[in-house]
Amino acid sequence: MTTDAIPAAVASRIPGERSRGIWRTVKYVLLIVFALVILLPAYVLFVTSFKGLGDATPANAWKLPESWETAGWSRAWEQLGPALGRTFAMVIPASIISSVLGSMNGFVLSKWRFPGADVVFTLILFGMFIPYQAVMVPLVQLMGNLGVPNGVPSLIVLHVVYGLPITTLIFRNYYAAVPVELVEAARVDGAGMLRTYASIILPISAPAFVVVLMWQFTSAWNDYLFALFFSTSRNGPVTIALNFLASGQLQDYSASMAGALIASVPTLIIYILLGRYFVGGLMAGSVKG
Amino acid sequence: MSSTVPSAVRRPRRARGRIGGHGWVAPVLLILPTVIVIGVFVYGLIGSNIHTSLQDRHNIGPSQGFAGLENYRDLFTDDDFIYSLRNLLLYTATFLVGTLCLGFLWAWLLERKARGESLFRAIYLFPMAVSFVASGVVWRWLLNNAEGDRASGLNRLFGTLHLDFLQNPWWTNERWGILAIAVPAIWQLSGYVMALFLAGFRGIPEELREAARMDGASEWQLYRHVIFPQLSPVALSAIIIIGHMSLKVFDLIMAIAGQTNYTTQVPATQMWIEFTRGDYAKSAAIGTILLVIVAILIVPYLVSTYRQERRR
């Protein structure tokens, strides 16, 4: 705050600039207050996860731990460890497959179009918005009939299938910005579709792949609905294990909160490392072509 | 690659989007797997779901015959389901207003180069990276309904700050409890709306503002006639996205209140309960109703997006 007060003081010496200085102060106070409010739950998660069993009581709710203990973390790790492994085994192939397919679709729908491409695209896009409740009853049957086992295999298939609309959308919008001349030149030079895709489109796709992969990773990692219908606490991903841990009869606050942090570490790491692209994915989700 | 560009310039340009002499078989083949998969998993299953919802099939056995619209009639005369719909409406309204107001306010505060902008932006956005299940763990605790000495969470905080009048039973209040679920939802997604609005603000050319100021527009007139109209497409996007997410709310309720809690019941949680009971027809009917509600919001938007694409 002190660093902000100095330019404000300087500004107030210039006639007419005083109100701007006050406005700047108000602005930063507001920004900081909102930031603290946003961080409040993170504070609670963090300090409670280090409290001992007797310390995690209402009276001490907002206080720092009496002594920092890691027992909650080890109890949480015991319960979530195997589920974390399963989640990685599910999320990594699901993100890669849906991204690769999305890239090919995006190329066809933007640069190597066919009659009715816009209709097909719009119909694919609708898949992004449907409430999955509207397909769940027959979906459970279909997956059973196809013989896909519950747990990781089912979830890979589902995240690939229902990830296709958004991966297609992001790649299509990305390729739409590629100059037509590049693709046309290849065509004129006699390159076929796959050749054009492999030698012209794919090499420039890295930024889009980063966005799509992290988007798919995050949404599959955080999914709870499919996990609930297609797995159990024995073969399910981390969201299932976490909810099981947190809603247990024993109100083990420190383990629950440590568990919530453990379950959030991978997506938070991605967010911190690739935050710029994260916003890119969000923007693409807004269907602005 | 660069050597091929001039050759295209020399030749007459083809009409945009046309396929020259290459035909459309290859692109159709490439996209066919996706078309089939989406056809089966989205449209086929929607059809199959509607079919199930019209059957007399209330246990794990096969259908006992065609029931017509009976399942729907039952739902719309069921007070529980009406209560779910009411909850959904209240939740959506609160969630939408909350995220739009906060998102706009934050974007507006950050719009002009603010010091530490990237830090604030990162803080406001970070909840989006976390799952509803994980944030639900802490919010269940923050929204704990105990008051006085037994209070934890926000009620405790209000007590400590001598703001006792703010203490309330949160999601256990039968009438307005669903609004408590909107609080964490707003916490989680306001940053997203901020990112959208920020992009909107940045998309307004500086010349436009300058021109308005030159013409003697006051700050309010500048917003009223230049900035708000420029931001309205962004606001529409935000309403569509937040709105459809809101209509699908499920994880957050399961994580905070649990599935069997009546006060925070919405169609999505009811659908799951009926499914676990083996009442497939009722479960499918609830799913279809949700689809119709979402489609009312989404289809006009998709159609207009499609038209814009065609016009390009």
Side-chain angles (χ1 to χ4, degrees), chain A residues 27 30-31 35 38 41 44-45 58 61-62 101 104-105 108 112-115 118 122 124-127 129-131 133-139 161 164 180-181 184-189 193 218 222 224-225 239 242-243 246-247 256-257 260 263-264 267-268 271 275 279 282-283 286-288, chain B residues 4-5 7-8 11 16-17 20 24 26-28 30-31 34 37-38 41-42 45-46 48-49 52 109 120 122-124 126 129-131 133-134 137-138 150-152 156-157 192 195-196 199 237 241 244 248 250-251 255 258 268 271 280 283-284 287-288 290-291 294 298 302 305-306 309-310:
Chain A
K27 181 166 93 170
L30 279 175
L31 283 171
I38 293 290
V44 169
L45 274 174
W62 291 91
L101 288 171
M104 298 196 296
N105 295 340
V108 167
W112 207 280
R113 294 153 56 87
F114 53 90
D118 286 325
T122 308
I124 293 177
L125 212 53
F126 182 64
F129 294 101
I130 60 160
Q133 281 83 8
V135 294
M136 208 55 101
V137 174
L139 181 60
V161 168
L164 284 174
V180 230
E181 285 75 17
E184 298 217 332
R187 279 181 183 177
V188 169
D189 291 349
M193 183 187 67
T218 307
N222 288 341
Y224 181 68
L225 182 65
T239 45
L242 176 60
N243 205 42
S247 58
S256 306
M257 303 220 182
S264 307
T267 52
L268 282 176
Y271 172 70
V279 176
L282 296 179
M283 294 302 161
S286 72
V287 206
K288 293 208 64 194
Chain B
T4 58
V5 177
S7 72
R11 290 160 204 259
R16 203 174 170 182
W24 46 267
V28 168
L30 192 62
I31 205 172
T34 299
V37 160
I38 295 289
F41 279 82
V42 174
L45 291 184
I46 287 174
S48 173
N49 189 67
T52 305
L109 289 171
F120 286 119
I123 292 174
Y124 295 162
F126 103 87
V130 179
S131 70
V133 173
V137 171
V138 65
R150 286 177 48 250
S152 63
R156 185 94 203 171
L157 191 65
Y192 175 41
L196 289 176
S237 283
I241 294 162
H244 103 275
K248 297 196 270 194
F250 179 75
D251 305 15
M271 184 266 159
Y280 294 132
S283 191
T288 307
L290 257 183
L291 177 71
V294 172
I298 292 301
L302 284 180
T305 310
Y306 168 73
E309 295 292 335
R310 295 299 306 261

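Scope of the values below: all heavy atoms of this structure, side chains included, with no hydrogens, waters or symmetry mates. Within every chain, numbering begins at 1; the chains are lettered A, B, ... in the order of the sequence lines, protein sequences first and strands thereafter.
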I'd like to verify something: which residue of Val37(B), Val28(B), Val42(B), Leu30(B) has the highest number of heavy-atom pairs under 4.5 Å with chain A? Leu30(B)
Counting heavy-atom pairs under 4.5 Å with chain A, which one of Asp251(B), Ile38(B), Thr52(B) comes out on top? Asp251(B)
Mind ranking [options] by heavy-atom pairs under 4.5 Å with chain B and telling me who comes out on top?
options                                   : answer
Leu139(A), Asn105(A), Leu31(A), Val108(A) : Leu31(A)
Leu101(A), Leu45(A), Ile124(A), Thr218(A) : Leu45(A)
Ala260(A), Pro131(A), Ala263(A)           : Pro131(A)

[X] versus chain B, heavy atoms under 4.5 Å apart: side chain, backbone, both or neither?
X         : result
Met104(A) : both
Phe126(A) : both
Ser264(A) : side chain
Ser256(A) : both

side-chain contact (heavy atoms from CB on, under 4.5 Å) between Val135(A) and Phe41(B), intermediate numbers included: CA-CA 8 Å; Val135(A) 294; Phe41(B) 279 82; over 6 Å; no
Heavy-atom proximity to chain A below 4.5 Å, by part of [X]:
X         : result
Val294(B) : side chain
Ala199(B) : side chain
Tyr280(B) : both
Ile298(B) : side chain

Can you give me the closest heavy-atom contact between Ala134(A) and Leu291(B), atom names plus distance? CB-CB, 3.6 Å
Tell me the closest heavy-atom pair linking Ala246(A) and Val137(B), and the distance in Å. CB-CG2, 3.8 Å
When you compare the side chain of [Y] with that of [X], does any pair of heavy atoms fall below 4.5 Å?
X         : Y         : result
Asn222(A) : Val130(B) : no
Ile38(A)  : Phe126(B) : yes
Met271(B) : Val137(A) : yes
Pro27(B)  : Met193(A) : yes

When rounded to the nearest 0.5 angstrom, what is the spacing between [atom1] in [X] and [atom2] in [Y]?
X         : Y         : atom1 : atom2 : answer
Ile130(A) : Ile46(B)  : CD1   : CD1   : 5.0 Å
Ser131(B) : Leu242(A) : OG    : CG    : 6.5 Å
Arg113(A) : Ile31(B)  : CZ    : CD1   : 10.5 Å

Check: [Y] main-chain N/O paired with [X] side-chain donor or acceptor under 3.5 Å:
X         : Y         : result
Lys248(B) : Phe129(A) : yes
Thr267(A) : Ala129(B) : yes
Tyr224(A) : Phe250(B) : no

